[in-house]
S.K.: 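Handing you a structure now.
Numbers restart at 1 for each chain; the letters A, B, ... are given by sequence-line order, proteins then strands.
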Amino acid sequence: MFKTISCGDINRSHSGETVQLAGWVHRRRDHGGLIFIDLRDTTGIVQVVFDPLETPGVHKIAETFRSEWVLLVGGNVSLRPEGSGNPNISTGEIEVRATTVEILNQSKTPPFEIADESTIDELLRMQYRYLDLRTKKMHDNIKLRHKVVKYIRDFLDSRAFIEIETPILTKSTPEGARDFLVPSRLNPGTFYALPQSPQQLKQLLMVSGFERYFQIAHCFRDEDLRGDRQYEHTQLDIEMSFVDENDVMELVETLYSSIVKDIAVDRIASDKFPRLKYDEVMEKYGTDKPDLRYELELVTLTDVIYKTGIRILTAAIDNGGIVKGLVAPGCAEYSRKDLDSLVSFVQTRGGEGLVYIALDKKAGDIKNLEMEHIRSPISRHLTTEQIIEIAKRADANPGDLILLAAGPAKLINTVMSQVRQEIADRLGLTNPKNLAFAFVTDFPLFEWDEDGNHWEASHHLFTSPWEEHWGLLDQDPGKMKARHYDLVCNGMELASGSIRIHNRQKQERIMEFLGYTKHQMEDRFGQILGALEFGAPPHGGIAPGIDRFMTLLTDHAESIRDVIAFPKTQSGADPLFNTPSSVTPEQLKELHIKVSENS
RNA sequence: GGCCCGGUGGUGUAGUCUGGCUUAACACACCGCCCUGUCAAGGCGGAGAUCGUGGGUUCAAAUCCCAUCCGGGUCGCCA
């Protein structure tokens, strides 16, 4: 071993000891006489002193040190002279007085400083990811991730779960997300697919009788990337036999609240996660993954607004749309600029616009509201009584700002849910230390797809409907509820799960309803349908995303890219490896692949 | 695929709207010299940028126009 102790582990109890350290030159402070080097390894930073009077030879070498050189330093730990301690670092009471030094490696001047406080272009960070990962910030993120994953493994192990690996080369199932395909060399013209999730595999493991399975699983989806979406992400895949939705939710609830309590100690979360119905959260928050750190509920105002006859709003209602409002408490004083930025916020997200009604707090009480207290582009189309009615319905008071948007329900919900988030940010209600977990339940089993003009499974087609809803399949499938539950937190979907169908006939009824022919069922799902015929136990599970969860646990993650060691850019590139890249004609030939000219 | 923001020495930014006062400014980093208690050390000096790329307009373009590439956000998409 090169070192007898790590930089960050030294403290005043080691005073007087002789140590050997290895690490990187974090910073150097050359006084001409004394030279101070902050030596950094993965545990932290310690100050090394090179004294020209005590060790002139070693001091001479130290004059050549530059940032990020790799050193092996021998020396004595000593308390710093009175008054020269550094309370900002854990090793600030002591220093190592160097007696020997060896340069293990030199470094070019790095393209950016290895420091947490610097903001560096993300492309450059990715091009030199191995340097970006040297920062304490990234070390902390990656180490915390390790801790969380280890905690999960220990937790589930202690509850009799078995971790089982499933293959990365699996079968393409064209529904859902786009698959990543891998050509088969031995079977020309055929392909494997990378798993979008081990869904069918874990169900098969339940049929195999393992009863409690989990896996830290890599999942692959060839869809556009975002701050919270990468081509490949890691999920905690869980499946259990002989359970109902409560068992699964309670397991996750205990696991997640324990992680917060034991690892992310600066985070605040409750032990019990509220359970909310899908219809209710869509109405109140406009999204199925609401941020519950604050209230700010949306209000449907379609009827009151329709009565006013204001054309710009009622036109949308005539076309089948809705009007939703949101009260921004105490924001009546918003400047024209503030308001304009909200309007364009809505417009850049596909909305027609945003109508505001500011109620001057001078009115005192809502009953005393007069026209002079109203600031709104639609005020001249409204009577005082109408404004009071709107305000009452929205539960707005003088001093508040009412925001209204009209249009198709889906769009308005999407946009207004984002306005809600934006207002909460502006009001400072989004403390990242608070983790507002909740389960969303009672999802519809199917969603109508306008474009394709057919029904789709809103979760996936293995999800069981409520037992008493099977009768609705032929009558009113849109009303069928699913045994499906999501874990949400701070406006993020963290996990999705369900109780599965474990009966072949029932599974085939769903597939048939979704438009599959017998032949297609057999071709795509033959393996799972077959397994369901051999004593498949009732089972269900859930799959929490690890990457998203990690961003909630750290202070230093702007996106999931900050909790993944080697992520990809929004266009799916890795600037470090410079991939995707072309391959040799020989490789293509072996794989029976021809690249078309016009691509 | 649509929309929005951004790209200026090694890094981070200013300058762009309103073309010329720019020999492109500032901070950090880098190089040299000075300096014995600093810790984002300090002082003095120095080097370093054809302003993402390609066209165009103009007497004149970092600045205006067109195209294109790259990064980020967002809608679609993500069972």
S.K.: Taking for each residue the nucleotide of RNA chain B with the nearest heavy atom, is it A:Arg221 or A:Gln347 whose nucleotide lies nearer the 5' end?
M.R.: A:Gln347
S.K.: When the C1' atoms of B:U8 and B:G46 are considered, how many whole Å apart are they?
M.R.: 22 Å
S.K.: Expressed in whole Å, how much space separates the C1' atoms belonging to B:U23 and B:A49?
M.R.: 13 Å
S.K.: Spell out protein contact along nucleotides 31-43 of chain B as letters: B when the base is contacted, S when just the sugar-phosphate is, - when no protein heavy atom is under 4.0 Å; keep the 5' to 3' order.
M.R.: SS--BBBBBSB--
S.K.: So what does A:Thr463 hit on the nucleic acid, given a heavy-atom distance under 4.0 Å: a base, only sugar-phosphate, or nothing?
M.R.: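 The residue A:Thr463 makes no contact with any strand.
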S.K.: Could you give the distance separating B:G52 and B:G10 at their P atoms, to the nearest angstrom?
M.R.: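 Here B:G10 and B:G52 have their P atoms 13 Å from each other.
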S.K.: What integer distance in Å separates A:Gln127:CD from B:G52:C1'?
M.R.: 13 Å
S.K.: Expressed as a whole number of Å, how far does the P atom of B:G19 sit from that of B:A62?
M.R.: 14 Å
S.K.: Could you tell me whether A:Gln199 contacts a base, only the sugar-phosphate backbone, or nothing, with contacts defined as non-hydrogen atoms closer than 4.0 Å?
M.R.: base
S.K.: Please state the P separation for the pair B:G20 and B:C75 - nearest whole angstrom.
M.R.: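 To the nearest whole Å, 39 Å.
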S.K.: Looking at A:Arg125 and A:Asp132, does any basic side-chain N land under 4.0 Å from a carboxylate oxygen?
M.R.: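 Counted as a salt bridge, because a side-chain N and a carboxylate O are separated by less than 4.0 Å.
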S.K.: Taking the minimum atom-to-atom distance to the side chain of A:Leu123, which one of B:G76, B:U11, B:C70 wins?
M.R.: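 Nearest to the side-chain atoms of A:Leu123, counting from C-beta on, is B:C70.
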S.K.: Tell me the partner of B:C26, counting only Watson-Crick (N1-N3 plus N6-O4 or O6-N4) or G-U wobble (N1-O2 and O6-N3) with both under 3.5 Å; none if nothing fits.
M.R.: B:G12
S.K.: Classify the side chain of A:Asp224 and the base of B:G76 as holding, or not holding, a donor-acceptor pair under 3.5 Å.
M.R.: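 Side chain to base: pair present.
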S.K.: Would you mind pulling out the nucleotide paired to B:G6, Watson-Crick or G-U wobble, both distances under 3.5 Å?
M.R.: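 Across all strands, the one nucleotide that pairs with B:G6 is B:C70.
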S.K.: Evaluate the criterion side-chain hydrogen bond (donor to acceptor under 3.5 Å, both in side chains) for residue pair A:Gln215 and A:Thr166; output intermediate values, then yes/no.
M.R.: CA-CA 8 Å; A:Gln215 181 181 195; A:Thr166 53; 3.0 Å; yes
S.K.: Side chains of A:Asp338 and A:Ser335: donor-acceptor distance under 3.5 Å anywhere?
M.R.: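 On atom types as modelled, these side chains qualify, holding a pair under 3.5 Å.
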S.K.: How many whole angstroms separate atom CD of A:Gln570 from atom C1' of B:C75?
M.R.: 12 Å
S.K.: Hey, does A:Leu124 reach any base, or is it just sugar-phosphate, or nothing, if we go heavy atoms under 4.0 Å?
M.R.: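 Since only primed, P, OP1 and OP2 atoms lie under 4.0 Å of A:Leu124, the category is sugar-phosphate.
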S.K.: Considering only heavy atoms, which members of residues 480-491 of chain A lie under 4.0 Å from some atom of RNA chain B?
M.R.: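 The answer is none.
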S.K.: Separation of A:Glu558 atom CD from B:U74 atom P, in whole Å?
M.R.: 12 Å
S.K.: Sort out the partner of B:C64 for me: Watson-Crick or G-U wobble, both distances under 3.5 Å, none otherwise.
M.R.: B:G56
S.K.: Please state how far atom CG in A:Asp121 lies from atom C1' in B:G52, giving the value in whole angstrom units.
M.R.: 12 Å
S.K.: Return yes if the base of B:G72 and the side-chain atoms of A:Arg125 contain a donor-acceptor N/O pair under 3.5 Å, otherwise no.
M.R.: no
S.K.: Does A:Trp448 have its ring centroid less than 6.0 Å away from the ring centroid of A:Trp455?
M.R.: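 They qualify: ring centres under 6.0 Å apart.
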S.K.: Should A:Lys136 and A:Asp116 count as an ion pair when the cut-off is N to O under 4.0 Å?
M.R.: no
S.K.: Give a yes or no on whether a salt bridge exists between A:Glu522 and A:Lys518, defined as a side-chain N under 4.0 angstrom from a carboxylate O.
M.R.: no
S.K.: Do A:Ser498 and A:Thr463 pair up side chain to side chain, a donor and an acceptor below 3.5 Å, judged on atom types alone?
M.R.: yes
S.K.: In this structure, which one of A:Phe443, A:Tyr278, A:Phe439, A:Phe446 forms a ring-ring contact (aromatic ring centres under 6.0 Å, His included) with A:His484?
M.R.: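 Result for ring-ring contact (aromatic ring centres under 6.0 Å, His included) with A:His484: A:Phe443.
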S.K.: Using atom C1' in both nucleotides, what's the gap between B:G48 and B:U74 to the nearest angstrom?
M.R.: 38 Å
S.K.: Measure from CD on A:Gln418 to C1' on B:G73 and round the result to the nearest Å.
M.R.: 11 Å
S.K.: Counting only side-chain nitrogens and oxygens, does A:Thr569 get under 4.0 Å of the OP1 or OP2 atom of B:G71?
M.R.: yes
S.K.: Suppose we define a pair by two distances each less than 3.5 Å, Watson-Crick or G-U wobble; what does B:C51 pair with here?
M.R.: none
S.K.: Between P on B:G7 and CD1 on A:Ile120, what's the gap in Å once rounded to a whole number?
M.R.: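 Going from CD1 in A:Ile120 over to P in B:G7 covers 16 Å.
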S.K.: Please report the distance separating the C1' of B:G71 from the corresponding atom of B:G12, rounded so that it comes out in whole Å.
M.R.: 16 Å
S.K.: Should A:Phe462 and A:Ile528 count as side-chain neighbours, where that means a heavy-atom distance under 4.5 Å?
M.R.: yes
S.K.: Could you check whether A:Ser496 gets within reach of a base, just the sugar-phosphate, or nothing at all, counting any heavy atom under 4.0 Å?
M.R.: nothing
S.K.: Check the distance between B:G71's P and A:Arg129's CZ and give it to me in whole angstrom.
M.R.: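 The distance from CZ of A:Arg129 to P of B:G71 comes to 14 Å, rounded to the nearest Å.
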S.K.: Send over the distance from A:Leu131 CG to B:G10 C1', rounded to a whole Å.
M.R.: 13 Å
S.K.: Just compare B:G73, B:G71, B:C75 and give me whichever is closest to any side-chain atom of A:Ala573.
M.R.: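 For the A:Ala573 side chain, the nearest candidate turns out to be B:G71.
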S.K.: Using the C1' atom on both, measure B:G76 against B:A40 and round to a whole Å.
M.R.: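 Comparing C1' positions in B:G76 and B:A40 gives a spacing of 45 Å.
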S.K.: Tell me whether A:Arg29 is salt-bridged to A:Asp38, with the criterion being a basic N under 4.0 Å from an acidic carboxylate O.
M.R.: yes
S.K.: Ion pair present between A:Arg28 and A:Glu63, side-chain N to carboxylate O less than 4.0 angstrom?
M.R.: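 A salt bridge is absent here (no side-chain N lies under 4.0 Å from a carboxylate O).
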S.K.: Is it the case that the ring center of A:Phe577 lies less than 6.0 angstrom away from the ring center of A:Phe566?
M.R.: no
